[in-house]
Amino acid sequence: IIQLYTPLNWFGTYYRAIQKNFVDMENMFDLLKENQEVIDAPGAGPLIVKRGVVEFNNVSFGYLPERMILKKVTFNVPEGKTLALVGPSGSGKSTIIRLLFRFYDVQTGSIIIDGQNVKTITQESLRRAIGVVPQDTVLFNNTIKYNVKYGRLSAEDVDVINAAKAADIHERILTFPDAYDTQVGERGLRLSGGEKQRVAIARTILKAPTIVLLDEATSALDTQTERNIQGALGEVCTNRTTIIVAHRLSTIIHADEILVLKEGEIVERGRHEYLVGQDGEYAKMWSDQLKNEKNAESVNESWQEE
Ligand code: ATP
């Protein structure tokens with residue numbers, strides 16, 4: 001009995017960890033079909049992806065009925081455009097992403113993709129249309145090739161290599177002991193945070209979804225890694241509808257729309273240049289971030305002087 005229980009518990013725990021932290025959820029869904037809280041509507045058909053237009057109409061949601069987390073959130077991301085979500089910890093950014101993936105159903109309002117309510121389509125087709133670059137990518141204990149290929153298992157080697165090139169990880173892989181055949185993960189070569197993120201980007205490039213969700217890593221990366229990742233992200237977002245949960249405002253200067261969330265409400269919205277010109281939350285966050293960067297620089301300089 002214990003042996004039977006352990007894996008079930010493990011699934012349960014892991015499932016909750018995925019829901020909570022948005023860790024590589026699309027990968028894990030394959031394993032977790034039995035354990036879904038949300039079920040397909042009877043006779044639900046697949047999402048018919050046309051242009052990748054994402055709409056939230058007056059969405060209100062709480063994990064518990066007595067505590068609403070999102071309040072009347074409305075936005076529209078046109079085909080191929082980029083929406084960024086910013087705001088303090090706990091303001092509801094990741095909740096928006098979880099709802100789009102339909103980990104939970106909304107209490108009121110609706111989430112529409114290309115004119116179809118996510119409640120009425122199969123979850124499998126929804127998740128097939130969306131690619132995710134999570135904060136922390138889980139690697140399989142397998143070769144680096146398999147790990148990239150996971151984005152589309154039927155891919156040819158040449159496509160795997162092209163995706164790795166586009167994600168700026170190919171050169172790095174060639175330095176591994178057995179190149180693409182190198183074992184990675186817990187029992188193999190450990191990859192850095194930046195490398196894992198580029199593996200996730202390569203997977204997403206292979207998957208070629210219509211909609212991409214990015215959960216920017218909170219941990220600071222060094223400038224060169226940051227630059228490589230920005231380039232790779234640019235590659236994966238081009239011509240795709242993109243939603244970014246942003247922690248560094250410098251990465252969303254070019255976003256088509258920025259939503260500033262506070263306690264589950266959109267308190268400001270617009271493009272970067274507009275928002276920095278307002279005397280609001282965003283302008284404050286921006287000047288705080290500049291100050292922090294200056295402080296970090298002067299710390300670095302004083303280090304180098306010693
Ligand atoms: P961060 O920047 O720290 O990731 P966030 O803006 O993404 O924060 P969310 O993760 O969306 O914030 O959380 C919004 C609120 O919902 C928080 O108050 C959080 O405590 C609550 N919350 C999140 N997940 C659950 C859950 N599974 N059950 C109950 N409350 C939850």
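Counting convention: from 1, in listed order, for ligands and their atoms alike.
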Practice prompt. Classify the contact between T95 and ligand 1 as side chain, backbone, both or neither, using a heavy-atom distance cut-off of under 4.0 Å.
Written response: both
Worksheet entry | Minimum non-hydrogen distance to atom 1 (P) of ligand 1, winning option of A246, S89, P88 | S89
Worksheet item: Does the pair R172 and T175 meet the rule for a side chain to side chain donor-acceptor pair (under 3.5 Å), with working shown?
Response: CA-CA 5 Å; R172 184 76 191 102; T175 68; 2.7 Å; yes
Discussion item. Over 60° means perpendicular and under 30° means parallel, so tell me whether F61 and Y63 are parallel, tilted or perpendicular.
Written reply: perpendicular
Worksheet entry | Pick from I97, I69, L85, I96: the one approaching atom 21 (C) of ligand 1 most closely through a non-hydrogen atom | I69
Fill in: Residue pairs, two or more places apart or on separate chains, that pass salt bridge (charged side-chain N to carboxylate O under 4.0 Å, His left out) and touch residues 54-79
R51-E79
Practice prompt. Could you establish whether G264 and ligand 1 come within less than 4.0 Å of each other, counting only heavy atoms on the residue side?
Written response: no
Discussion item. Both conditions, 6.0 Å and 45 degrees, for the charged tip of R127 above the ring of F103: are they met here?
Written reply: yes
Worksheet item: Does H170 have any ring pair (Phe, Tyr, Trp, His ring centres under 6.0 Å) partners at least two apart in sequence or in another chain, and if so, which?
Response: Y180
Discussion item. For the 3.5 Å polar cut-off, considering only N or O atoms, please tell me whether G92 and ligand 1 meet it.
Written reply: yes
Item to complete: Would you check whether H247 has a nitrogen or oxygen atom less than 3.5 angstrom from a nitrogen or oxygen atom of ligand 1?
Response: no
Worksheet entry | Minimal non-hydrogen separation, E216 against H247, with atom names | OE1-N, 2.5 Å
Item to complete: Answer yes or no: does an N/O atom from G90 fall short of 3.5 Å to an N/O atom of ligand 1?
Response: yes
Worksheet item: Closer than 4.0 angstrom: is that true for some heavy atom of S91 and an atom of ligand 1?
Response: yes
Worksheet item: In this structure, are over 12 heavy atoms from other groups packed under 6.0 Å from E263 atom CD?
Response: no
Worksheet entry | Numbering as shown, the atoms of ligand 1 that approach R67 to under 4.0 Å (heavy-atom distance) | 18 (O)
